[in-house]
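Numbering starts at 1 and runs along the sequence shown. What you see is a predicted model; the values in this text were computed from it and never measured.
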Amino acid sequence: MIEQTRVLARKAASLKHIVIASAALALLTGCSTVHHNNSALLMDKGQTKSAEATVEKKQDTESFALRSILRHESSFAQEAEIIEDDGTEMGEVGVDAEVRDPLEGLNRVFNGVNRGIDLALIRPISKVYGAVVPSPIRMMVGNIFRNFEAPGDVVNYTLQGNGAEAGKSLKRLVINSTLGIGGLFDVADHLGTPYNPTDFGLTLNDWGVGEGIYVVTPLLGPSTTRDSVGRIVDIALYPTTYIGVITDFDFGGTISRGVEIVDKRQRNGPLLDNVIFASPDPYVTLRSTYIQRRRSLASDNILGAEGMDDNLPVIVTSGS
């Protein structure tokens with residue numbers, strides 16, 4: 001009887017060891033999903049807690065990502081219910097599906113013409129510009145054109161009733177035009193007043209003017225009917241527009257505009273070449289990119305957020 005009891009005790013101990021071993025194996029297997037090098041894992045108490053904390057952190061991250069996706073989908077669902085000014089409902093859920101493009105046939109023709117001009121003329125010149133002109137000089141050129149935008153920013157922020165941003169834009173204009181030597185250096189940014197542009201299209205958006213339809217303009221690129229009107233006012237607010245009026249250099253404004261186009265084309269080359277032109281349908285990709293960016297800017301503009309730097313250059317292929 002005693003011997004049988006000892007046998008049962010040994011079996012129970014063996015079973016206990018098997019359970020412990022199985023649990024250890026399961027723990028190692030779980031840790032392997034977090035750590036790729038299982039051989040580096042030790043089964044001491046401290047590392048086990050670290051592995052468990054890592055797993056919990058990963059689960060929290062996945063949960064946060066899931067919540068973010070659900071919120072994003074909910075946002076799109078709400079946007080899909082928005083009614084346009086003419087009383088027609090927007091299309092299917094998704095940014096590109098909501099774009100009204102009744103002139104797509106004509107827009108594609110103009111888009112093809114603009115793309116041809118870019119590939120034959122502007123892109124090659126921008127490549128030479130990037131290779132020949134040193135980076136510090138290109139940065140100064142970009143700073144000058146940003147400073148040219150400041151007067152329009154002051155006017156538009158004032159029209160939008162955003163006195164705080166109008167004051168910041170005026171501050172940038174004064175600082176960069178003086179301490180920045182005519183805008184060569186963005187001193188204002190280093191002093192805590194970052195570049196935060198706006199335009200008359202965004203002003204019209206603040207006034208409740210609808211986006212309108214998508215249009216592609218020869219030599220100017222993608223736009224909407226609202227932004228097309230905005231461009232006219234922005235051109236009137238741009239200082240280089242009046243170079244030919246205040247000087248004898250009649251083509252000064254045109255040359256300045258050409259340099260700006262080449263500079264922006266060079267800085268945005270990867271976006272245009274690798275994302276837009278390399279896509280199966282460049283027209284749809286450019287349309288989606290432009291509309292998403294403009295709607296993002298419009299949303300930020302209403303909230304008065306900073307840092308609304310438009311990544312799409314004002315060139316024949318991508319508009320503003």
Side-chain angles (χ1 to χ4, degrees), residues 107-150 152 176 180 182-186 189 195 197 199 201 215-223 227-228 230-231 234-235 238-241 243-244 249-294 296-297 307-320:
N107 285 339
R108 282 185 178 272
V109 172
F110 288 149
N111 188 75
V113 171
N114 291 339
R115 185 185 179 199
I117 294 175
D118 177 75
L119 293 177
L121 183 63
I122 298 178
R123 183 177 184 274
I125 294 176
S126 70
K127 292 288 186 182
V128 174
Y129 171 76
V132 173
V133 180
S135 178
I137 302 299
R138 297 199 308 271
M139 182 177 295
M140 291 180 186
V141 171
N143 288 339
I144 290 175
F145 287 119
R146 280 187 172 187
N147 199 49
F148 285 159
E149 296 174 2
N176 288 341
L184 285 173
F185 304 97
D186 193 349
D189 184 66
Y195 176 60
D199 55 60
V215 293
V216 178
T217 308
L219 301 180
L220 294 179
S223 185
D227 289 342
S228 296
R231 282 181 182 175
D234 292 331
I235 291 173
Y238 206 68
T240 59
T241 303
I243 291 180
F249 192 17
D250 294 336
F251 298 101
T254 303
I255 293 175
S256 173
R257 185 61 170 170
V259 174
E260 182 182 11
I261 288 173
V262 170
D263 177 68
K264 288 191 175 183
R265 179 61 171 89
Q266 190 277 328
R267 286 191 282 113
N268 293 274
L271 169 68
L272 295 171
D273 295 339
N274 301 330
V275 178
I276 296 177
F277 288 163
S279 67
D281 191 342
Y283 174 81
V284 172
T285 303
L286 179 57
R287 182 179 64 187
S288 296
T289 304
Y290 176 81
I291 292 295
Q292 288 184 59
R293 184 58 182 165
R294 289 300 294 177
S296 175
L297 289 172
M308 296 189 303
D309 188 0
D310 195 341
N311 291 327
L312 290 176
V314 184
I315 63 172
V316 296
T317 52
S318 64
S320 62

Would you compute the distance between atom OG1 of Thr217 and atom CG of Asn111 and round it to the nearest 0.5 angstrom? 11.0 Å
Rounded distance (nearest 0.5 Å) linking atom CG of Leu286 with atom CD1 of Ile291: 9.5 Å
Using a strict threshold of under 4.0 Å (side-chain N to carboxylate O), is an ion pair present between Asp281 and Arg287? no
Over all heavy atoms of both residues, which pair between Arg138 and Tyr129 is shortest? Give the atoms and the distance, please. CD-CE2, 3.5 Å
Correct closest heavy-atom pair for Val216 and Tyr283 would be CG2-CE1, 4.2 Å
Separation of Asp273 CG from Arg123 CZ (nearest 0.5 Å): 4.0 Å
Using a strict cut-off of less than 4.0 Å between a Lys/Arg side-chain nitrogen and an Asp/Glu carboxylate oxygen, indicate whether Asp263 and Arg267 qualify as a salt bridge. yes
Between CG on residue Leu271 and CZ on residue Arg265, distance to nearest 0.5 Å: 9.0 Å
Pairing of Arg146 and Glu149 as salt bridge, 4.0 angstrom limit: no
Identify the heavy atoms of Ser126 and Gln266 that sit nearest to each other, and give their distance. O-CG, 3.4 Å
Which atom pair, heavy atoms only, marks the closest approach of Ser223 to Tyr290? CA-OH, 3.4 Å
Under 3.5 Å: donor-acceptor pair, side chain of Ser288, backbone of Val284: yes
Spatial distance of atom CG (Asp186) from atom CG (Leu184) [nearest 0.5 Å]: 11.5 Å
For Ser256 and Thr240, the nearest pair of non-hydrogen atoms, with its separation, is OG-CG2, 3.2 Å
So for atom CE, which belongs to Met140, do other residues, nucleotides or ligands contribute more than 12 heavy atoms lying within a distance under 6.0 Å? yes
Are the side chain of Asn147 and the backbone N or O of Asn143 linked by a donor-acceptor pair below 3.5 Å? no
Over all atoms of both residues, closest heavy-atom pair of Thr241 and Ile235: OG1-O, 2.6 Å
Flag, side chain of Thr285 to backbone of Pro282, donor-acceptor distance under 3.5 Å: no
To the nearest 0.5 Å, tell me how far Asn114 CG sits from Leu219 CG. 6.0 Å
